Structure formats: structure tokens, C-alpha cells
Amino acid sequence: MSPSFSSLNLVLLGPPGSGRSTQASLLAERYQIPHISTGDMLRDEIQRSSARGSEVEEVFNRGELVNDAVVAGMVLQRLDAEDCVRGFVLDGFPRNAKQATILDGVLAELGRSIERVFLLELGDQEIVNRHANRPLRREDDREEALRERLRVFHLEAPALIDHYRNRGQLVCVDAARSVDKVSDDLRQAIETPVGA
Ligand code: AMP
């Protein structure tokens with residue numbers, strides 16, 4: 001890990017299909033910090049048919065956003081776990097400005113802050129093309145659900161992106177390149193001191 005961080009708290013933003021989850025797991029492995037994916041946590045709750053899973057299943061399958069309070073509660077509980085002390089990489093949370101404000105409040109209470117917020121940028125057409133070339137793996141992978149997820153992303157993303165851009169925390173990365181190239185950019189941005 002870069003010596004300038006006592007803990008490495010990272011956030012990855014980006015539309016569905018931008019490689020967010022792949023990049024988050026690479027970062028988690030490289031810096032030995034937990035990969036916290038709200039999509040995976042919700043998928044797990046649905047598979048286990050937990051009370052929370054049953055509550056969110058329909059909304060999830062349609063590609064809409066699950067209730068802010070439900071997701072925020074889940075994340076906050078996770079961030080409080082022992083293995084997050086050295087840092088974490090958040091993938092899929094926050095999804096809107098309200099969630100970003102909730103996250104700020106919690107981190108402030110814990111006396112922590114975010115080191116970098118990455119935005120993986122990829123156009124809708126490229127996302128739809130990539131999607132058409134892979135097998136259906138999950139219910140929310142259906143083309144209709146993907147379109148809904150893209151619509152929701154474009155609705156919520158501007159305020160979310162502004163939230164972090166206004167604080168000078170946002171790093172935009174061109175996600176139309178190979179996994180390795182994108183991952184190199186992320187590593188460089190993390191290991192280069194801000195303002196250098
Ligand atoms: P993802 O795997 O991150 O693309 O998320 C899959 C689905 O989980 C989304 O389409 C939403 O239905 C739900 N979800 C994931 N993260 C959030 C979040 N932060 N807020 C609300 N819903 C979420």
C-alpha cells in the first residue's frame with residue numbers, strides 16, 4: 001500500500017457494465033482491503049430468501065434502485081466490521097447524492113474520509129454492445145433490465161458526480177480500454193499524492 005495512507009478508502013462509480021466490479025476486486029486484491037459490493041450483498045440476500053431479500057427482489061430484478069435506507073443500513077453495518085479498518089473499496093454505493101451524504105456522515109463519525117472516488121466512463125452504446133456479447137447470468141442481466149439500470153444511472157449520476165467533483169475527489173477514467181490499462185490508471189491515481 002502507498003505509505004501515505006493509514007487506511008485506503010475507495011469508491012468506484014460507473015454505469016452497469018463499465019467493469020466496476022472487476023476493477024473493484026483487482027483493487028481489493030492489490031491493496032488487501034475488502035471489496036464491498038452492494039449489488040452482490042443484495043443478490044446474496046435474495047438467494048438466501050432472507051426477509052430483506054424478499055423485500056427487495058422485485059425492485060432489484062427490474063433494475064431499479066433499492067430503497068436508500070435499506071442499502072445504507074447494510075453498508076454501514078459492513079463498514080463497521082473489523083476487516084475495514086485498513087480500508088475498503090465500495091462498488092455500487094453510493095448510487096445517488098442522498099446515499100453519498102449518508103456515507104459522508106458515517107465516515108465523519110468514524111473519523112475517516114474517502115481517499116479517491118473513481119468514475120469509470122463508458123458510453124451507453126458500448127455498454128449495450130458488450131452486454132449483447134455475453135451470456136445471461138442473472139435476472140437483472142436481461143436487456144430490458146439493463147436499459148432500466150442505464151436510465152436510472154443517467155438520472156442519478158449527475159448529482160452524485162457533482163457531489164464528489166465539487167470536493168476535488170473525483171478521478172475520471174476511460175473504461176473503454178482493456179482491464180489492465182484501466183487498472184493501471186487506478187493504481188497510478190491512488191499512488192500519486194493529490195496535487196502532485
Ligand atoms: P450492481 O451489481 O451494483 O449493478 O447492482 C445490482 C442492483 O442492485 C441494482 O440494479 C439495484 O437494484 C441494486 N443496488 C445495488 N447497489 C445499490 C445502491 N447503492 N442503492 C440502491 N440499489 C442498489
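As the structure lists them, so they are numbered: ligands from 1, and atoms in each ligand from 1. Just so it is clear, the model here is predicted, and its values are computed rather than measured.
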Considering all heavy atoms, the nearest [X]-[Y] contact:
| X | Y | value |
| --- | --- | --- |
| L122 | E126 | CD1-CG, 3.4 Å |
| R112 | V85 | NH2-O, 3.5 Å |
| S21 | H35 | O-CE1, 3.6 Å |

Looking at K181 and D184, is any side-chain nitrogen of the basic one under 4.0 Å from a carboxylate oxygen of the acidic one? no
Among all the protein's non-hydrogen atoms, which is closest to [atom], and how far away is it?
| atom | answer |
| --- | --- |
| atom 10 (O) of ligand 1 | R149 NE, 3.5 Å |
| atom 2 (O) of ligand 1 | R43 NH2, 2.8 Å |
| atom 7 (C) of ligand 1 | F60 CE1, 3.4 Å |
| atom 14 (N) of ligand 1 | L42 CD1, 3.5 Å |
| atom 5 (O) of ligand 1 | R95 NH2, 3.2 Å |

Return a table of donor-acceptor pairs under 3.5 angstrom between the side chains of residues 101-110 and protein atoms on other chains or two or more places apart.
from : atom 1 : to   : atom 2 : distance (Å)
T101 : OG1    : A97  : O      : 3.0
D104 : OD2    : H163 : NE2    : 2.8
D104 : OD2    : R167 : NH1    : 3.0
D104 : OD2    : R167 : NH2    : 3.0

Using a 4.0 Å cutoff against the non-hydrogen atoms of F93, which atoms of ligand 1 qualify?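 Under 4.0 Å from F93, ligand 1 has these atoms: 19 (N).
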Ligand-residue contact atoms, ligand 1 with Q99, heavy atoms, under 4.0 Å: 18 (C), 19 (N), 20 (N), 21 (C)
Would you say [X] has any N or O atom under 3.5 Å from an N or O of ligand 1, going by distance alone?
| X | answer |
| --- | --- |
| G92 | yes |
| V66 | yes |
| R20 | yes |
| S37 | no |

Quick one: does D80's side chain have a donor or acceptor within less than 3.5 Å of a partner on L76's backbone?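 Side chain of D80 to backbone of L76: no pair is present.
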Not counting sequence neighbours, list each pair that qualifies as a side-chain hydrogen bond (donor to acceptor under 3.5 Å, both in side chains) and has a residue in residues 65-79.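 As it turns out, the side-chain hydrogen bond (donor to acceptor under 3.5 Å, both in side chains) pairs with a partner in residues 65-79, which skip direct neighbours, are D68-N96, D68-Q99, R78-D83.
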Could you give me the CA-CA distance, side-chain angles and deciding distance for V173 and R177, then say whether side chain to side chain contact (heavy atoms under 4.5 Å, CB included) is met? CA-CA 10 Å; V173 176; R177 299 162 306 145; 3.8 Å; yes
The one among E148, M74, E64 that brings a heavy atom closest to atom 12 (O) of ligand 1: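 Nearest option to atom 12 (O) of ligand 1, by heavy atoms: E64.
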Select the closest option to atom 17 (C) of ligand 1 among V70, L12, T38, D40, judged by heavy-atom distance. T38
Would E148 and R151 satisfy salt bridge (Lys or Arg N to Asp or Glu O under 4.0 Å), going step by step from the backbone distance to the final call? CA-CA 5 Å; E148 177 60 13; R151 189 189 69 78; 2.9 Å; yes
